[in-house]
Number of protein chains: 2
Amino acid sequence: MRIGINALTDRDLRDAGLKVTTPRVKILEVLEKANQRHLSAENVYRILLEAGEDIGLATVYRVLTQFEAAGLVNRHNFESNHAVFELDDGKHHDHIVCIECNKVVEFFDEMIEERQLEIANRYGFAISEHALTLFGLCQDCRQ
Amino acid sequence: MRIGINALTDRDLRDAGLKVTTPRVKILEVLEKANQRHLSAENVYRILLEAGEDIGLATVYRVLTQFEAAGLVNRHNFESNHAVFELDDGKHHDHIVCIECNKVVEFFDEMIEERQLEIANRYGFAISEHALTLFGLCQDCRQ
DNA sequence: ATGTATGCAAAACATTTGCACCTGG
DNA sequence: CCAGGTGCAAATGTTTTGCATACAT
């Protein structure tokens, strides 16, 4: 099992039952090396194009979906019209998104996590996941 | 200003700068009287069709968007592929959604709200809104 | 060899928009 | 009357899928 911030390897792909193909390896590299941690399928596709790779957009979608199923990446819907993906670093966290420059900050708060479980429990729900995203203006965008 | 759970009226439409037209009134009625509180545009459209109303889907989308801008309804993206709308009852709340039967429970937790502001503040963000949704199995769906 | 993966083009969806016609105040 | 609203059809943008070909093991 993968732990922490180690780079993903061919091994991780095989462990997920996925053949080690060029598109998959390249897409993993993009997710690891891009300057933003949260990328849309289109983002990944463009980066690959600019790097001279010949990988179709459909493949990017298929691979990202497989990676998500394998637990290698997480999918988020900060904006309603498209999803973004980030490498799963093993540590759960939530997000604060700047509504101006789209900067994303990650945070984790034990108290909120606990409270969520208590609340879910109170209503008889067995929680499998949650999505918490704060939207606002970051320091830079407030002048 | 509207307060609490009173039914929305023509007055509310006028106050929002919207003419009181049949589609708008009927759509408000659907939101008020439907058995589920959270409806997609398609849901609203079908209910209108079944009621014999001749209102286009495009109009439903336009009206719901105007209602949202006017603060009469709130839009949520529980699932990535479509939005749902609910009447704004004046009280902020978050949601727990059953991943099996899609039941939605609303809750409000002061501690989580405060904690979110503290965290945002710590990172220099001025929060304008947030989205917190818990996903899991409700009591009924766990047999 | 052979079951998977991929690229491309087309399809599928939710949502938006252009435009000629209708309607509320 | 006339600005604003509506229906319809067409356009949009994202994501998915069918299928013939290419590739990893």
Sort me out a list of protein N/O and nucleotides 20-25 of chain C N/O pairs below 3.5 Å, or just none if empty.
residue, atom, partner, partner atom, Å
dG25(C), OP1, Arg14(B), NH1, 3.3

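- Residues of residues 55-64 of chain A having a heavy atom closer than 4.0 Å to DNA chain D, listed by number: Leu57(A), Ala58(A), Tyr61(A), Arg62(A).
- Glu86(A) and His76(A) share a donor-acceptor pair across their side chains, judged by distance under 3.5 Å alone.
- The structure places NZ of Lys26(B) at 9.0 Å from CG of Leu48(B), a figure rounded to the nearest 0.5 Å.
- Rounded to an integer number of Å, the gap from CG of Asn77(B) to P of dT15(D) is 12 Å.
- Between His130(A) and Leu134(B), the shortest heavy-atom contact is CB-CD2, 3.5 Å.
- The separation between Gln66(B) atom CD and dT15(C) atom P is 16 Å, rounded to whole Å.
- Within a 6.0 Å sphere centred on CZ of Arg46(B), heavy atoms belonging to other residues, nucleotides or ligands number 12 at most.
- Ring geometry, His93(B) versus His95(B): the interplanar angle exceeds 60°, so the pair is classed perpendicular (tilted spans 30 to 60°).
- Rounded to a whole Å, the CZ atom of Arg11(A) is 14 Å from the P atom of dT25(D).
- Nucleotides of DNA chain D nearest to Tyr45(B) and Asn81(A) differ in position, and the one nearer the 5' end is that of Tyr45(B).
- Considering every non-hydrogen atom in both Ala34(A) and Ile47(A), the closest pair reads CB-CD1, 4.3 Å.
- With rounding to whole Å, Leu39(A) atom CG is found 13 Å from dT15(D) atom P.
- To the nearest angstrom, C1' of dT15(D) lies 18 Å from NE2 of His76(A).
- Across dT16(C), dT6(D), dT14(D), the shortest atom-to-atom separation from the side chain of His82(A) is found for dT14(D).
- Between Glu106(A) and His92(A), the side chains place no donor N or O within less than 3.5 Å of an acceptor N or O (distance only, hydrogens not considered).
- In this entry the distance linking CZ of Arg24(A) with C1' of dT25(D) reads 13 Å, nearest Å.
- The nearest whole Å value for the distance from the CG atom in Asn43(B) to the P atom in dA14(C) is 11 Å.
- The distance from atom CG of Leu48(B) to atom C1' of dC8(D) is 17 Å, rounded to the nearest whole Å.
- Using a 4.5 Å heavy-atom threshold, the side chains of Arg37(B) and Asp89(B) count as touching.
- Checking side-chain atoms of Asn77(B) against main-chain N and O of Glu79(B) turns up no donor-acceptor pair under 3.5 Å.
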